[in-house]
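All remarks here apply to the structure that follows.
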Amino acid sequence: MEDLKEKLPLSIVAEKMNTTPLNVLMHIKRNLLHGVEEDGVWMIDCQSLEVLLTKTGGSKAEDVCASGCSKKHSCGGGCS
């Protein structure tokens, strides 16, 4: 298991990113955020969140949309 020094719960990270918990999990899946599951709760590495928010300026990250989304990350739909 990966040891993350400073972590936030998934729900708080979703609020900070102004998105859904599912979208945050997609960021983890795509290695845009680092997270670990602890006792059934996903915890997100604060440093990886800061890096992502700095890189994206708070907007959507690239490569997160579902592969079936024709507009990729700029659709504003449910895959965001």
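A quick note: this is a predicted structure, and the numbers were derived from the prediction, not measured. Residues: numbered from 1 along the sequence shown.
Considering CD of E37 and CG of D39, their distance stands at 9.0 Å, rounded to 0.5 Å. The line from NZ of K29 to CG of N23 is 12.5 Å long, rounded to the nearest 0.5 Å. Interatomic distance, OG1 of T20 versus CE of M17, reported as 9.0 Å (0.5 Å rounding). Summarising the geometry, atom OG1 belonging to T54 is positioned 9.0 Å from atom CG belonging to L49; distances are rounded to the nearest 0.5 Å.
Residues P21 and A14 approach most closely at N-CB, 3.7 Å, considering heavy atoms. Between S48 and H34, the closest heavy-atom pair is OG-N, 3.1 Å.
Partners of L25 under the side-chain contact (heavy atoms from CB on, under 4.5 Å) rule, at least two apart in sequence or in another chain, are L10, I28, W42.
I44 places none of its side-chain heavy atoms less than 4.5 Å from the side chain of H27.
Paired with C46 under the rule side chain to side chain contact (heavy atoms under 4.5 Å, CB included), one option of E6, K7, K16 passes, and it is E6.
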